[in-house]
A.B. asks: 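Got a structure for you, questions after.
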Amino acid sequence: MKKLIFLAILCLGIISCTKEKNNKTSMESQKTAESPEEWKHTTNIYEVNLRQYTKEGTFAAFQKELPRLKAMGVETIWFMPITPIAQEKKKGSLGSQYAASDYASINPEFGNMEDFKNLVNAAHEQGLKVIIDWVANHTGWDHVWTKSHPEYYLHDADGSFHIASGMDDIIELDYSNSEMRKAMIDAMKFWVKETNIDGFRCDLASWVEVDFWQQARPEVEKIKPLFWLGEFDELENPEYGKVFDASYSWTWMHKTEDYYKKNLPLQELKDLLMKYSAIGDSSMRAWFTSNHDENSWNGTEYEKYGVIAKPLAVFSATWNGVPLLYSGQELPNMKRLEFFEKDPIEWNGTYQLNDFYKTLLNLKSQNPALRGGDPAVTTYFVNTTANDKILAYIRKNGKDEVLVILNLSKEDVDFSLEDSNVSGKFTEIFTKESLNSDINKDFKMKVSGYKVFVK
């Protein structure tokens with residue numbers, strides 16, 4: 001009898017544990033399956049340069065990094081192109097990941113299809129989203145279509161393939177060809193069906209006719225709702241903003257670099273932010289201080305922005321939109337990574353900026369006042385006695401408020417807040433210091449200084 005009771009208790013325990021495990025798995029799956037219309041407002045994006053991320057440069061090696069990135073607050077992972085690289089006229093010894101030879105297979109440099117599926121599944125199990133780079137404007141010279149469907153391409157007067165502007169290792173596709181469009185859409189569908197990715201980062205999106213994206217998105221989303229990040233600036237290409245969930249902020253990136261290096265007036269940055277804000281909340285901007293192009297060709301964020309690199313990183317995580325980080329920024333990575341050769345990030349195990357980014361990313365995802373693309377959130381510039389040196393703003397959503405103060409000058413600044421939009425008690429997220437803004441209005445801020453107060 002005792003044996004039977006023990007077996008009964010054991011069975012109940014196994015059933016209970018199985019139920020708990022199944023419920024947990026179900027909850028994670030439900031979170032992963034949540035529509036981008038819900039999670040895009042609170043997400044962030046971490047760009048992965050797989051070739052340089054680890055010594056192996058493979059999906060399997062990177063998969064080991066997922067728990068660390070999850071703990072740092074990363075929510076969406078974007079992989080640079082994972083398709084095979086064209087060999088004809090390739091750059092360097094490894095070639096550009098943006099010169100594809102086939103839209104429906106894996107670059108063997110990174111592993112195989114099963115490896116990528118395992119990586120996506122592992123990411124989903126941790127509640128992470130996965131988007132892949134999609135290069136629709138052009139292919140490499142020996143893409144399979146150059147043999148099977150040369151009519152898919154633009155041709156010069158002599159009949160040769162048309163080289164993409166400024167990049168002689170790639171050739172441009174012809175979007176007046178309806179069959180090519182269908183083949184491109186089928187290729188995008190392939191990755192959603194086969195690997196269950198959550199969206200696309202669309203390379204040079206504005207180099208492709210907007211009506212293609214208008215055609216492609218609803219077709220591909222017959223499989224599942226997706227997140228679409230487009231490489232274009234909505235100030236320059238507003239019509240693309242009606243198709244994509246988020247876009248680049250190229251104008252801001254260039255203007256902030258000029259501001260730092262050419263000593264432009266801070267008011268020019270504020271005027272530009274007003275132009276971005278005028279776009280509205282039906283789409284969002286991605287804010288960043290580095291990415292694969294900038295790091296390799298124009299320098300690290302520290303080369304470009306010097307002492308205001310960290311304040312601009314705080315801005316990227318707290319202004320209206322989506323924060324975008326690049327591989328190694330949590331180190332911080334202080335070198336330009338080779339683009340066409342193997343050049344691994346020099347990880348040292350310390351991740352000096354891990355807590356910096358963790359604090360910002362968690363605040364972004366958890367505080368309603370920092371929701372991106374949400375008309376319920378209002379953003380106000382905050383007036384100070386040093387408006388030529390200090391960028392201050394407050395974001396409000398009901399009872400939730402976040403006050404951000406950034407020293408964008410090259411010197412220490414003493415100043416006061418003089419704004420009726422700031423009132424009440426706040427706590428600073430990095431130092432935990434308290435602020436009663438009705439009493440304490442005076443600040444002393446060092447070079448590279450930043451403060452983020454939460455009500």
Side-chain angles (χ1 to χ4, degrees), residues 44-53 57 76-83 85-86 90-92 94-100 107 109 131-140 163-170 172 200-208 228-237 240 244 246-261 285-306 309 312-313 316 321-345:
N44 55 67
I45 302 170
Y46 184 95
E47 180 189 4
V48 175
N49 184 337
L50 200 65
R51 173 182 285 170
Q52 314 300 15
Y53 210 92
T76 298
I77 293 176
W78 149 31
F79 289 102
M80 288 170 65
I82 58 175
T83 49
I85 295 171
K90 74 177 180 181
K91 301 278 191 180
L94 295 178
S96 169
Q97 296 167 60
Y98 291 84
N107 181 354
E109 178 186 343
I131 63 176
I132 62 171
D133 221 316
W134 195 255
V135 189
N137 176 71
H138 51 261
T139 74
I163 299 172
S165 175
M167 295 173 277
D168 56 11
D169 61 333
I170 51 179
E172 296 199 322
F200 296 96
R201 178 269 183 185
C202 299
D203 181 68
L204 293 173
S206 59
W207 284 26
V208 177
W228 298 72
L229 169 64
E231 187 194 359
F232 66 94
D233 192 304
E234 213 165 335
L235 289 178
E236 299 170 357
N237 304 103
Y240 286 78
F244 288 85
S247 59
Y248 269 48
S249 50
W250 284 126
T251 309
W252 170 259
M253 187 206 72
H254 293 304
K255 179 65 79 172
T256 48
E257 183 174 7
D258 287 344
Y259 164 81
Y260 180 73
K261 292 182 176 178
R285 265 55 63 202
W287 307 98
F288 51 89
T289 57
S290 185
N291 60 37
H292 64 275
D293 285 316
E294 288 305 304
N295 171 275
S296 292
W297 308 120
N298 298 320
T300 70
E301 60 267 42
Y302 301 98
E303 290 180 73
K304 292 174 59 181
Y305 305 121
L312 286 177
S316 298
V322 185
L324 193 160
L325 277 70
Y326 181 49
S327 302
Q329 283 196 269
E330 65 270 37
L331 261 176
N333 173 45
M334 304 300 282
K335 74 171 183 175
R336 300 186 184 195
L337 301 174
E338 292 288 338
F339 207 84
F340 309 119
E341 308 292 344
K342 183 68 176 173
D343 184 23
I345 297 169

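All of these numbers come straight from a predicted model, not from anything done at the bench.
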A.B. asks: Once you round to the nearest 0.5 Å, how far does CE of Met334 lie from CD1 of Ile345?
C.D. replies: 14.0 Å
A.B. asks: When you compare the side chain of Asp203 with that of His138, does any pair of heavy atoms fall below 4.5 Å?
C.D. replies: yes
A.B. asks: With sequence neighbours excluded, tell me which residues meet side-chain hydrogen bond (donor to acceptor under 3.5 Å, both in side chains) with Asp168.
C.D. replies: Lys91
A.B. asks: Do Tyr98 and Asp133 pair up side chain to side chain, a donor and an acceptor below 3.5 Å, judged on atom types alone?
C.D. replies: yes
A.B. asks: Distance check, rounded to the nearest 0.5 Å: Met80 atom CE versus Ser96 atom OG?
C.D. replies: 7.5 Å
A.B. asks: Measure across Leu235 and Asp233 and return the closest heavy-atom pair with its distance rounded to 0.1 Å.
C.D. replies: N-OD1, 2.9 Å
A.B. asks: Does Thr256 form a side chain to side chain contact (heavy atoms under 4.5 Å, CB included) with Trp287? I'd like the steps, not just the answer.
C.D. replies: CA-CA 12 Å; Thr256 48; Trp287 307 98; over 6 Å; no
A.B. asks: Kindly write out the residues that satisfy ring-ring contact (aromatic ring centres under 6.0 Å, His included) with Trp207, not counting sequence neighbours, or none if the list is empty.
C.D. replies: none
A.B. asks: Closer than 3.5 angstrom, by distance alone: can the side chain of Glu303 be matched with the main-chain N or O of Thr300 as a donor-acceptor pair?
C.D. replies: yes
A.B. asks: For Ser290 and Glu301, which heavy atoms make the closest approach, and how far apart are they?
C.D. replies: CB-OE1, 3.7 Å
A.B. asks: Evaluate the criterion side chain to side chain contact (heavy atoms under 4.5 Å, CB included) for residue pair Ile82 and Asn107; output intermediate values, then yes/no.
C.D. replies: CA-CA 6 Å; Ile82 58 175; Asn107 181 354; 5.7 Å; no
A.B. asks: With a 3.5 Å distance limit and no angle check, can you tell me whether Thr289 reaches the backbone of Ala313 through a side-chain donor-acceptor pair?
C.D. replies: no
A.B. asks: Please enumerate all residues that pass ring-ring contact (aromatic ring centres under 6.0 Å, His included) together with Trp228, with sequence neighbours excluded.
C.D. replies: Phe200
A.B. asks: Spell out, as yes or no, whether a donor-acceptor pair under 3.5 Å connects the side chain of Ser296 to the backbone of Asp293.
C.D. replies: no
A.B. asks: Could you measure the distance from the CZ atom of Arg51 to the OG atom of Ser327? Nearest 0.5 Å is fine.
C.D. replies: 13.0 Å
A.B. asks: Hey, does the side chain of Asp343 reach the backbone of Glu338 with a donor-acceptor pair shorter than 3.5 angstrom?
C.D. replies: yes
A.B. asks: So, Phe288 versus Trp250, ring centres under 6.0 angstrom or not?
C.D. replies: yes
A.B. asks: Got a sec, which residues hit side-chain hydrogen bond (donor to acceptor under 3.5 Å, both in side chains) with Tyr46, two or more places apart in sequence or on another chain?
C.D. replies: Tyr53, Glu330
A.B. asks: Taking the side chain as C-beta and beyond, is there a heavy-atom pair between Cys202 and Phe244 under 4.5 Å?
C.D. replies: yes
A.B. asks: Looking at Ala86 and Gly140, what are the two nearest heavy atoms and their distance?
C.D. replies: CB-CA, 3.5 Å
A.B. asks: Are any side-chain N or O atoms of Asn49 and backbone N or O atoms of Asn291, one a donor and one an acceptor, separated by less than 3.5 Å?
C.D. replies: no
A.B. asks: Output yes when Glu47 and Arg201 qualify as a salt bridge under the 4.0 Å nitrogen-oxygen rule, no when they do not.
C.D. replies: no
A.B. asks: For a 4.5 angstrom cut-off between non-hydrogen side-chain atoms, does Ile85 reach Glu109?
C.D. replies: yes
A.B. asks: Tell me every residue that passes ring-ring contact (aromatic ring centres under 6.0 Å, His included) with Tyr305, counting only those two or more places apart in sequence or in another chain.
C.D. replies: none
A.B. asks: Between His292 and Gln97, is there a side-chain heavy-atom distance shorter than 4.5 Å?
C.D. replies: no
A.B. asks: Test side chain to side chain contact (heavy atoms under 4.5 Å, CB included) on Tyr260 and Leu312; report intermediate values, then the result.
C.D. replies: CA-CA 11 Å; Tyr260 180 73; Leu312 286 177; over 6 Å; no
A.B. asks: So, the side chain of Ser249 versus the backbone of Ala286: is there a donor-acceptor pair under 3.5 Å, distance only?
C.D. replies: yes
A.B. asks: Taking the side chain as everything from C-beta on, heavy atoms only, tell me whether Val135 gets closer than 4.5 Å to Thr83.
C.D. replies: no
A.B. asks: Looking at CG of Leu204 and CG of Asn137, how far apart are the two atoms once the value is rounded to the nearest 0.5 Å?
C.D. replies: 6.0 Å
A.B. asks: May I ask you to decide if Asp169's main-chain N or O and Lys90's side chain share a donor-acceptor pair within less than 3.5 Å?
C.D. replies: no
A.B. asks: Do you know the tightest heavy-atom contact between Val322 and Ala246?
C.D. replies: CG2-CB, 4.3 Å
A.B. asks: Atom OH of Tyr302 and atom CG of Asn333: how far apart are they, to the nearest 0.5 Å?
C.D. replies: 9.5 Å
A.B. asks: Run the side-chain hydrogen bond (donor to acceptor under 3.5 Å, both in side chains) test against Glu294 and tell me which residues pass, sequence neighbours left out.
C.D. replies: Asn298, Lys304
A.B. asks: To the nearest 0.5 angstrom, please state how far the CG atom of Leu325 sits from the CD1 atom of Ile45.
C.D. replies: 10.0 Å
